[in-house]
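Below: the structure, in structure tokens.
Model, not experiment: these values are computed from the prediction.
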Amino acid sequence: QVQLVESGGGLVQAGGSLRLSCAASGRAFMTYAMGWFRQAPGKEREFVAAITWSYLRIYYADSVEGRFTISGDNAKNTVYLQMNSLKPEDTAVYFCAAASLRRAVITKTSRDFDSWGQGTQVTVSS
């Protein structure tokens, strides 16, 4: 089992920036990819971005492409999400997730990610 701890959420005005961090522990060496999902009130959890530890391949949702940047430090088992040009519609609880199989970055669905953090709130005011 992999334990994930997120940090870095908060309140920001539209157009501002935030940086989220997620540190993995436990069986982190078994992780193929790590990523971020978000869930707004009344909506389903949606994929935001992911990065693989092999070749550092990166995937983004269309809604954040060009504004968000995911990066990772394999030595620290930590993944980051730099969020720029934030919009009110980015408001959600952001969850860090880890996947042991490549399928997760193909389907980009929450059911294919094995481990989850507790979530961190991001609120963007207009």
Side-chain angles (χ1 to χ4, degrees):
Q1 188 72 8
V2 178
Q3 290 79 43
L4 303 172
V5 178
E6 304 109 331
S7 60
L11 172 65
V12 66
Q13 289 188 332
S17 299
L18 282 174
R19 188 191 193 212
L20 306 182
S21 299
C22 175
S25 60
R27 293 178 176 262
F29 63 93
M30 296 179 65
T31 299
Y32 175 82
M34 290 180 66
W36 293 92
F37 284 73
R38 65 186 182 186
Q39 188 166 17
K43 295 188 176 181
E44 292 187 355
R45 191 168 297 189
E46 65 173 359
F47 173 81
V48 175
I51 184 169
T52 67
W53 291 127
S54 300
Y55 306 108
L56 295 179
R57 287 182 175 145
I58 290 174
Y59 306 83
Y60 292 107
D62 290 343
S63 59
V64 306
E65 180 92 52
R67 299 188 298 123
F68 291 11
T69 302
I70 189 170
S71 61
D73 185 334
N74 204 345
K76 296 181 179 179
N77 291 322
T78 300
V79 64
Y80 307 95
L81 186 67
Q82 178 66 43
M83 304 184 294
N84 298 329
S85 302
L86 282 161
K87 305 175 181 179
E89 51 264 44
D90 293 318
T91 295
V93 177
Y94 282 70
F95 295 91
C96 179
S100 56
L101 299 177
R102 179 175 177 267
R103 179 180 64 205
V105 296
I106 297 173
T107 66
K108 301 180 185 66
T109 57
S110 58
R111 66 175 182 271
D112 287 327
F113 284 77
D114 314 299
S115 303
W116 293 86
Q118 79 285 357
T120 184
Q121 177 70 45
V122 171
T123 303
V124 184
S125 62
S126 57

task: May I ask you to check whether Y59 and F47 place their ring centers less than 6.0 Å from one another?
output: no
Interatomic distance, CG@N74 vs CE@M34, rounded to 0.5 Å, equals 10.0 Å
query: Are L86 and V48 co-members of a hydrophobic cluster defined by side-chain heavy atoms under 4.5 Å apart?
result: yes
All heavy atoms of Q3 vs all of G26, minimum pair found to be OE1-CA, 3.4 Å
Tightest non-hydrogen contact, residues A49 and Y60, listed as CB-CD2, 3.6 Å
Exercise. Can you check whether S21 reaches Y80 side chain to side chain, under 4.5 Å on heavy atoms?
Worked result: yes
- Task: Side-chain contact test, heavy atoms from C-beta onward, threshold under 4.5 Å: evaluate it for F113 versus R45 and give yes or no.
- Result: no
Treating Ile, Leu, Val, Met, Phe, Trp and Tyr as nodes and any side-chain heavy-atom pair under 4.5 angstrom as an edge, say whether V124 and L20 lie in one connected cluster.
yes
d(I51 CD1, I58 CD1) to nearest 0.5 Å is 4.0 Å
Within-4.5 Å side-chain heavy-atom neighbours: E6 and Q118:
yes
- Query: Out of curiosity, does V79 fall in the hydrophobic cluster containing M83 (side-chain heavy atoms, cut-off under 4.5 Å, transitive links)?
  - Reply: yes
Margin query: Is it the case that the side chain of R67 and the backbone of S85 share a donor-acceptor pair, with hydrogens and angles ignored and the cut-off at 3.5 Å?
Written below: yes
Single-linkage hydrophobic cluster L56~V64, side-chain heavy atoms < 4.5 angstrom: yes
Paired with T123, the side-chain contact (heavy atoms from CB on, under 4.5 Å) test is passed by just one of L18, T91, D90, namely T91
_Side chain to side chain, R38 and S63, heavy atoms closer than 4.5 Å_ = yes
Between the CZ atom in R57 and the CZ atom in R102, the distance rounded to the nearest 0.5 Å is 7.0 Å
Closest heavy-atom pair, A24 versus V2, reported as atoms and distance to 0.1 Å, is CB-CG1, 4.0 Å
For a 4.5 angstrom cut-off between non-hydrogen side-chain atoms, does C96 reach W36? yes
Heavy atoms of A92 and Q121 approach each other most closely as O-NE2, 3.5 Å
Rounded to the nearest 0.5 Å, the CD atom of E46 sits from the OG atom of S110 at a distance of 11.0 Å
**Prompt:** Hey, what's the ring geometry for Y94 with F68, parallel, tilted or perpendicular (30° and 60° as the breaks)?
**Reply:** tilted
Closest non-hydrogen atoms of D112 and A99, given as atom of the first, atom of the second and distance, are O-CB, 3.8 Å
Worksheet item: With a 4.5 Å limit on heavy-atom distance, are the side chains of L4 and F95 in contact?
Response: no
Hey, any chance Y32 and F37 share a hydrophobic cluster, counting ILVMFWY side chains that come within less than 4.5 Å of each other, even indirectly? yes
Taking every heavy atom of P88 against every heavy atom of S126, the minimum-distance pair comes out as CG-CB, 3.8 Å
